[in-house]
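Structure, as structure tokens:
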Protein chains: 4
Amino acid sequence: MGGTMDGTKQRRRGDTRRRIQDVALELFAEHGYEKTSLREIAERLDVTKAALYYHFKTKEEILVSIFEDLTQPIEDLIEWGRQQPPTLATKQEIIRRYADTLAEATPLFRFMHENQATVRDLQIGESFKARIHSLRDIIVDPDADLVDQVRCASAIFTLHAGMFLLQDMGDDPKEKNRAVLEVATDLVTQAHRGAGGS
Amino acid sequence: MGGTMDGTKQRRRGDTRRRIQDVALELFAEHGYEKTSLREIAERLDVTKAALYYHFKTKEEILVSIFEDLTQPIEDLIEWGRQQPPTLATKQEIIRRYADTLAEATPLFRFMHENQATVRDLQIGESFKARIHSLRDIIVDPDADLVDQVRCASAIFTLHAGMFLLQDMGDDPKEKNRAVLEVATDLVTQAHRGAGGS
Amino acid sequence: MGGTMDGTKQRRRGDTRRRIQDVALELFAEHGYEKTSLREIAERLDVTKAALYYHFKTKEEILVSIFEDLTQPIEDLIEWGRQQPPTLATKQEIIRRYADTLAEATPLFRFMHENQATVRDLQIGESFKARIHSLRDIIVDPDADLVDQVRCASAIFTLHAGMFLLQDMGDDPKEKNRAVLEVATDLVTQAHRGAGGS
Amino acid sequence: MGGTMDGTKQRRRGDTRRRIQDVALELFAEHGYEKTSLREIAERLDVTKAALYYHFKTKEEILVSIFEDLTQPIEDLIEWGRQQPPTLATKQEIIRRYADTLAEATPLFRFMHENQATVRDLQIGESFKARIHSLRDIIVDPDADLVDQVRCASAIFTLHAGMFLLQDMGDDPKEKNRAVLEVATDLVTQAHRGAGGS
DNA sequence: CATGAATGAGTTTTCATTCAT
DNA sequence: CATGAATGAAAACTCATTCAT
């Protein structure tokens, strides 16, 4: 009981919830939240719309649940960052780790990035914005020179842009990711130098 | 007669088309394209929905018309850029001018930036993407080092982000804009240096 | 003055009304009354919708006016028929003349035939039905054998069908029309014989 | 339990689709396809418009579904006719059977007959036309004399007209139907004789 | 767990019609 | 004669959501 069972059933056991999230995110990222209907999601999963409502109370809840599941790593990163000394090395490491986090949840971040107007009215908007700001506040001293503040924010956006907007650049995606990371790291490094870090 | 008349009426004469565009853009930028209904636009203008259809064939056409009217300056800028020698000074000037262009059509660019998922299915998406790419291709040699290519793209996104995402940063918006411009210019300058510019 | 003028202007003088009728009938016959919009008519004539309203009070009036202009010949035919002796020759002549009438106003009759459901609610419906019935009553004695009554009605429908439904039959339209007329005449002849006509 | 239940509820169970078709056809036949709105259909059934869309994807699909369900007998008749020897008896039998078919699906055929302009743009138009042509081709040799071809087509239209246009003729509908059938049969018989049938 | 059936509120769009100029 | 601008009413259709089974 509850142990290993058959395996085929296990894949479907409680798995529907996850499958809904996967398909929903894929469609949200592709066509936007508003233009993705529950009918579409249900059809792709070959279940009825009503089935979605067994697992989630509303359409928005589907999105919220995806968001909550996938942004845990960012919260962890923020937590970690706050406990480190505010050295350049820490900041560089945060950039590095953030790049990894983005890479692992690309569709969600692509969605967040491309649907800001939608997301703004949708509870999670504030939540997401707050996280990004927390992150920014770790890598830049709010008392620093404004130009350096911008540089750090820009580092974050460079990572974002690298994920979603530069798909046509460079031949090898890995190489491109390395280049993006380098530019972002550079920006943070320059900001740090400007801020008087020796 | 026929001369100057009252002025109140004159403002409404033939002005409706423009007023629709204005209100529509405002709402599109605020709530997104999909979530803005024609009823909403019409109500704000105190006309009927059908009046909108007298001036525009479809909802999409409203957006397209706004887009076409407001992106002319970018096309001009691209045209100008292509006829200049590819010096660092040129590139810096393009960044400067592009910043101005963005500032003058903030709501449109905010809209484009925050509704990419929507815009992608909407004809003008490709058109806009193409313009940004053209701009990028002017400030970076496609044969340059990949890191420097990213730096230039990043310069453009820094300007974008500066417009729409950094509204809480710094006390004085003008100062912030100057800071944003400086970071973007820096990125281009660094890219140029890397590319072997003396 | 008022005499011959230029000729170009003369063609347009008061001609608009006729042109509206022509285009309207063409479109009504092609796509049906309901699916033909005034916008469509106006666009084809290269005038505005409002111009149509200068010449006709309503959409229905356009149709009514066409109807009235074009069905005069039928009324004349009925009038003529009523004053003839009820011989077989008269009936045959009516069939012959009716065939001519149909041929001369094909689009109208095609319209009436293919849009009966529409026309029924539209005033002219009754009017048209009454005319056809009058015609029928001339070529068949209401006291005749029911089979012969049907034969006569069938003669009329044969003519109609020949106009609108047999376009693919036979190589030469003229030949086909002659065949149609022959069948219709035959039917009337048979009916007459049945009715005890010597 | 599960057995016979009440009967009132049972009639409504799964019956909605059929009820929609029935009411729709009734209204389509009465006022025409274009002038019948989904609101009207829904109101008569005491359901919402959206309920219609649960059962049919579009308004047109309602019509198509009715058409497909009701024209099966014609297809069967054509199939049967093709496998018979082309004797006069066969042709007469086809006329007889076709009259029966028409009588059993009167509203649909009335609709098809009175809304040809509408139906023409509506997919099923061609489909219907093709069936009628197939039928015609069975009862008349395409190489026959043109007059006899017309006679056969006329036989079919006589049946049609008998259904929809002669409602005022004769006192007893059954008698009238018999008369119509007789005229149609006569026409086919004459055509056969003309074609060289002994 | 999931479905079949339905709803209410909304959407974009079209149309015949009006009227001041 | 004709237009430019607008309207009120209605159309077809979509969507998130509900609920008995």
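Note that these values count all heavy atoms, side chains included, but never hydrogens, waters or copies made by symmetry. Sequence lines set the chain letters: A, B, ... in the order given, protein chains first and strands last, and positions in each chain run from 1.
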Fill in: Closest-nucleotide 5' rank along DNA chain E - winner of B:Glu34 and A:Val47
A:Val47
Worksheet entry | Position toward the 5' end of DNA chain E (nearest nucleotide), C:Thr36 or D:Thr48 | D:Thr48
How many Å lie between [atom1] on [X] and [atom2] on [N], as a whole number?
{"X": "B:Leu45", "N": "F:dA5", "atom1": "CG", "atom2": "P", "result": "15 Å"}
{"X": "A:Leu38", "N": "F:dT14", "atom1": "CG", "atom2": "P", "result": "15 Å"}
{"X": "B:Leu122", "N": "E:dT12", "atom1": "CG", "atom2": "C1'", "result": "14 Å"}
{"X": "C:Tyr54", "N": "E:dT18", "atom1": "OH", "atom2": "P", "result": "16 Å"}
{"X": "D:Ile41", "N": "E:dA6", "atom1": "CD1", "atom2": "P", "result": "15 Å"}
{"X": "B:Asp15", "N": "F:dG4", "atom1": "CG", "atom2": "C1'", "result": "15 Å"}
{"X": "A:Ile20", "N": "E:dT3", "atom1": "CD1", "atom2": "P", "result": "10 Å"}
{"X": "C:Glu43", "N": "E:dC15", "atom1": "CD", "atom2": "P", "result": "10 Å"}

Discussion item. Let's test your reading of the model: under 3.5 Å, does the base of F:dT17 pair with the side chain of A:Lys49 as donor and acceptor?
Written reply: yes
From [options], nucleotide with atom closest to [X] side chain:
{"X": "D:Arg39", "options": "F:dA11, E:dT3, E:dT7", "result": "F:dA11"}
{"X": "D:Thr16", "options": "E:dT14, E:dA6, F:dT17", "result": "E:dA6"}
{"X": "D:Tyr53", "options": "F:dA12, F:dT7, E:dT11", "result": "F:dA12"}
{"X": "C:Ala50", "options": "E:dC19, E:dG4, E:dA6", "result": "E:dC19"}
{"X": "B:Lys59", "options": "E:dT12, E:dT3, F:dG4", "result": "E:dT12"}

Discussion item. Is a donor from one side chain sitting under 3.5 angstrom from an acceptor on the other, for C:Thr118 and D:Glu34?
Written reply: no
Worksheet item: Do the charged groups of A:Glu43 and A:Arg39 touch, with an N to O distance under 4.0 Å?
Response: yes
Discussion item. For E:dC1, give the paired nucleotide (Watson-Crick: N1-N3 plus N6-O4 or O6-N4; G-U: N1-O2 and O6-N3; both under 3.5 Å), or none.
Written reply: none
Worksheet item: Taking a pair as Watson-Crick or G-U wobble with both distances under 3.5 Å, which nucleotide is matched to E:dT13?
Response: F:dA10
Practice prompt. Could you label the plane-to-plane angle of the D:Phe28 and D:Phe111 rings as parallel, tilted or perpendicular, counting under 30° as parallel and over 60° as perpendicular?
Written response: tilted
Worksheet item: Do the rings of A:Phe109 and A:Phe128 sit parallel, tilted or perpendicular, given the 30° and 60° boundaries?
Response: tilted
Worksheet item: Can you find a pair of side-chain heavy atoms, one from C:Glu68 and one from C:Val64, that are under 4.5 Å apart?
Response: yes
Worksheet item: Is B:His55 near enough to F:dA6 that one of its side-chain N or O atoms lies under 4.0 angstrom from OP1 or OP2?
Response: yes
Practice prompt. State whether C:Ser37 places a side-chain N or O below 4.0 Å from either non-bridging phosphate oxygen (OP1 or OP2) of E:dT14.
Written response: no
